Amino acid sequence: MALNNSIAEIFYGIAEYLEMDNIPFKPRAYEKAAETIEALGEDLAEMYRKGGLKALEAIPGVGVSTAEKIEEFIKTGTVKYYEDLKRKMPVDIDALRKVEGLGPQSIKKLYEKLKIKNVSDLEKAAKRGKIRTLPGFGEKSEEKILKSLEFLSKASGRSIIGFAMPEIKNIKQRIAELKGVERAVVAGSVRRRKETVGDADILAVSKNPKPIMDYFVHMPEVAKVTAFGEAKSAVKMKSGLNVDLRIVPAESYGAALNYFTGSKAHNIALREIAIKKGMKLNEYGLFKVRGKKEIFVAGRTEEELYQALGLRYIEPEMRENTGEIECARENKLPHLIGYGDLRGDLQVQTSWTDGAESIETMARAAAKAGLAYIAITDHTKNLAMTHGLDEKRILQQMAEIENVEKKLKSEGITITLLKGSECDILKDGSLDLPDSVLAKLDIVGIGVHSSFHLSRDEQTKRIARAMENKNADILFHPTGRILQKRDAYDVDMDEIVTTAKKTGTILEIDALPERADLKDEYIRKCVEAGVKMSIDSDAHSAIHFQLLEYGIAQARRGFAERKDIVNAWPLPQMKKFLKG
DNA sequence: GCCGTTTTCGGCCCGACTGTTTTCAGTCG
C-alpha cells in the first residue's frame, strides 16, 4: 500500500502548508482525508481503476478536490498544488515537526527570518543564539529546541505495546498507591491496545492533585519534565517512554477517561454528536448549553456518557472512528471476544526446534495458564537453522507427545496435546513435508519463512497454492511482518482472504507483540467474509502463553467475536472445523 | 475542502500548558 501512504503524506504536507498561512478549516479537511487513506484497507490505484473518481469520492473525508489530486498522483506521480507549495517554501516539514514545540507557525517564521530549511540549519541557528532574537521566541525556546534535537538523535520513537507495558503498569501502580489518589488507570493508545504506543497516558482521580504531580515529575527514572501543571503534567522517562499524567475530580472520571483514551478522531466524532444535541463535551463532562449556563448531564462513567449521547457503550479497542460509532447508534456493535475466552493455543514451539523448553514443560505451563488444548507445532526441515523436523523426527515427536500427555494425565493434569507442525511453505508453494506425513498430524500450520521478496503476484500465488493443500489447516503469521524491523511481504490479502474462505483455511492472529499479524484491518476483512481465525501465542518459552492477551487485543481491534476465533471454541468443535 | 436524522450553504472539537507576553498565540493531545 505504498501508493496510499505517499498520497497520505502529500495531504499531510498540504495541511501543514495551509496551516502556516492560517487558512481556516482546509488543513483539517486534508488531514482527515490523509488519516482515512492511511487506514484504508484497499489500494487507491485499484479503487480508481475499478470505479474512477466516483469511487474515490465515496471515501469518507475525500471530496471532489482531494479525489482529483489522488487521480493526478496516480497518473503523474506528483500533485502540482503540493509541488507549488513546496517550491514557495522548500522546508523539510516532516523532520522539523518532530522537534518538540515546533508547529507550522514557528517553522514558517524560522524559514522567513533565518532561512531554516531543515534540522541541521535549525541546530546551527540555535547554537549560534540566533533563534532567541526572533519575535515570539526567547532563550527558553532555543534551549528547548537544542534539547529536543539531542533527544531526537537517539530517540526510539514508538514502542511495541507488549514491550512497554511492564514499565507503564509499574508507573500507574505507584501513582495509584499514593495518598489521596482515589484511582489511577492507564488511558490513551495503551488502553486502546494499539500495536505500538508513542506515550502512556495515566489518569488519576484526586481532590488534591499538587503532591501527586510533585511525586510524578520527581520520580527517579524521569529524564525530562516537559509540562508541569495541576491538571496535567508530562515527562520523558530515561527509557525513552513519554508519560502524561492527568488528574481530575471524581465526577469527571468517565468523561476524562473517555477523552484521554481517544482516539482523537473518535473524540471529535463524539463532540460533533454532542453539538448536534445542543450540548458540549469536554474532559470534565457532557453539558447542556443554555445561553451562558452549562448544566452537567453526564460524565461520572463512560457508560452514562455514551448513553447520554444516544450510543451503546463502545469498547476502547474499537475507538478509532472507523465505523464503531454508527454501529453503536444502530445497536449493531459486535460482542467482542473476551480476554478470558481462549481455550486453546494452536502454535507452540519446543526445544525439538527453536523453542527453549521441552514438550512437557510447555504443556504444564499451558495447563497452568488455563488452556484445555495446545498444538505442538515445531518447524520443518527447510528451516535448517532451527534444526527443523524431517519425516523421521516428526514421527518420533508424535510418539513423544503421546507419552507426555499420558504422563500428565496420570498426575491429574488434563490437557490435550495436538500433534502439529509449522510446516514451511517452499518458494513454489509446495509444503516441506509430504502429504502422507501431514495427514497423520492432528493439525497443520503452514508459514512463509523465506523468499520474502517475490513479486506481489508470485507471493500471492505461492501462499494460495499452499492453502489449497488438503492438509493445511492454518496459515501462520499470514503477512510475515515484524514491527519496526521488517515490512510485510507484498501479498494481496484480499486474495488470501478469498482463498481462505474457499479452502476452509484458518488465518492466524499471531500474538507475539512484535508480530501482531494479522493486523486489525485484515481481521475485519476476515470477520466480514466469514473467514475463521485462530489466536496463537507462537510461544517459544513457557512464559510466552501470557502473550495471548495481545493477540486477543488485536482481534478485538478487528471487531472479532468468539464465533470468529476457532481456539475460543471447545476442542471437539474446533477439531470438526479442521480440514482433515 | 468536506459534509448533511437541523443544512446543498454555513458551519467546522476543546482545553491545558508554555513562553513570551502584559492578554495571548502556538503547540499538543
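In what follows, chains are A, B, ... by sequence order, proteins preceding strands, each numbered from 1. Just so you know, these numbers come straight off a predicted model, no measurement behind them.
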> Is there a donor-acceptor contact under 3.5 Å linking the side chains of S239(A) and E167(A)?
Replying inline: yes
> If you measure only the distance, is there a donor-acceptor pair under 3.5 Å linking the side chains of N22(A) and Q105(A)?
Replying inline: yes
Identify whether any heavy atom of [X] sits under 4.0 Å from a base atom; if not, whether one sits that close to sugar-phosphate; answer base, sugar-phosphate or nothing.
| X | answer |
| --- | --- |
| E330(A) | nothing |
| E68(A) | nothing |
| L270(A) | nothing |
| P60(A) | sugar-phosphate |
| P104(A) | sugar-phosphate |
| I275(A) | sugar-phosphate |

Integer-rounded Å distance: [N] [atom2] and [X] [atom1]:
| X | N | atom1 | atom2 | value |
| --- | --- | --- | --- | --- |
| E139(A) | dT21(B) | CD | P | 12 Å |
| E16(A) | dG26(B) | CD | P | 14 Å |
| I23(A) | dG1(B) | CD1 | P | 9 Å |
| E35(A) | dG29(B) | CD | P | 14 Å |
| I268(A) | dC28(B) | CD1 | C1' | 13 Å |
| E326(A) | dT5(B) | CD | C1' | 13 Å |
| I247(A) | dA16(B) | CD1 | P | 14 Å |
| Y30(A) | dC3(B) | OH | P | 13 Å |

Of the listed nucleotides ([options]), which one gets closest to any side-chain atom of [X]?
| X | options | value |
| --- | --- | --- |
| D201(A) | dG29(B), dC2(B), dT27(B) | dG29(B) |
| K264(A) | dG1(B), dG29(B), dG26(B) | dG29(B) |
| A231(A) | dT18(B), dA16(B), dG1(B) | dA16(B) |
| S106(A) | dT27(B), dA16(B), dT20(B) | dT27(B) |
| K140(A) | dG19(B), dA16(B), dG1(B) | dG19(B) |
| Q105(A) | dC14(B), dT20(B), dG26(B) | dG26(B) |
| Y284(A) | dT18(B), dA16(B), dT20(B) | dA16(B) |

Rounded distance in Å between the [atom1] positions of [N] and [M]:
| N | M | atom1 | value |
| --- | --- | --- | --- |
| dC12(B) | dC17(B) | P | 26 Å |
| dT20(B) | dA25(B) | C1' | 9 Å |
| dA16(B) | dG10(B) | P | 33 Å |
| dG26(B) | dT21(B) | P | 13 Å |
| dT22(B) | dC28(B) | P | 23 Å |
| dT8(B) | dG1(B) | C1' | 15 Å |

> Do the side chain of Y259(A) and the base of dG15(B) come within less than 3.5 angstrom through a donor-acceptor pair of N or O atoms?
Replying inline: no
> With both distances kept under 3.5 Å, what pairs with dT8(B), Watson-Crick or G-U wobble?
Replying inline: none
> K525(A) pairs by salt bridge (Lys or Arg N to Asp or Glu O under 4.0 Å) with which of D564(A), D492(A), D494(A), D520(A)?
Replying inline: D494(A)
In terms of side-chain geometry, is the basic nitrogen of [X] or [Y] positioned less than 4.0 Å from the acidic oxygen of its partner?
| X | Y | result |
| --- | --- | --- |
| R481(A) | E195(A) | yes |
| K127(A) | E123(A) | yes |
| E549(A) | R193(A) | yes |

> Relative to the 5' end of DNA chain B, which residue comes earlier, K232(A) or L102(A), by the nucleotide with the nearest heavy atom?
Replying inline: K232(A)
>> On DNA chain B, does the nearest nucleotide to E100(A) precede the nearest nucleotide to P24(A) from the 5' side, or the other way round? Give the residue.
In response: P24(A)
When you check the phosphate oxygens OP1 and OP2 of [N], does a side-chain N or O of [X] lie under 4.0 Å from one of them?
| X | N | value |
| --- | --- | --- |
| R97(A) | dC28(B) | yes |
| T66(A) | dC2(B) | yes |
| T226(A) | dC17(B) | no |
| K280(A) | dG15(B) | yes |
| S233(A) | dC17(B) | no |
| K26(A) | dG1(B) | yes |

>> Ring-plane angle category for Y313(A) and Y306(A), please: parallel below 30°, perpendicular beyond 60°, tilted otherwise.
In response: perpendicular
> Is the Lys NZ or Arg CZ of R132(A) less than 6.0 Å from the centre of F137(A)'s six-membered ring, within 45° of the axis?
Replying inline: no
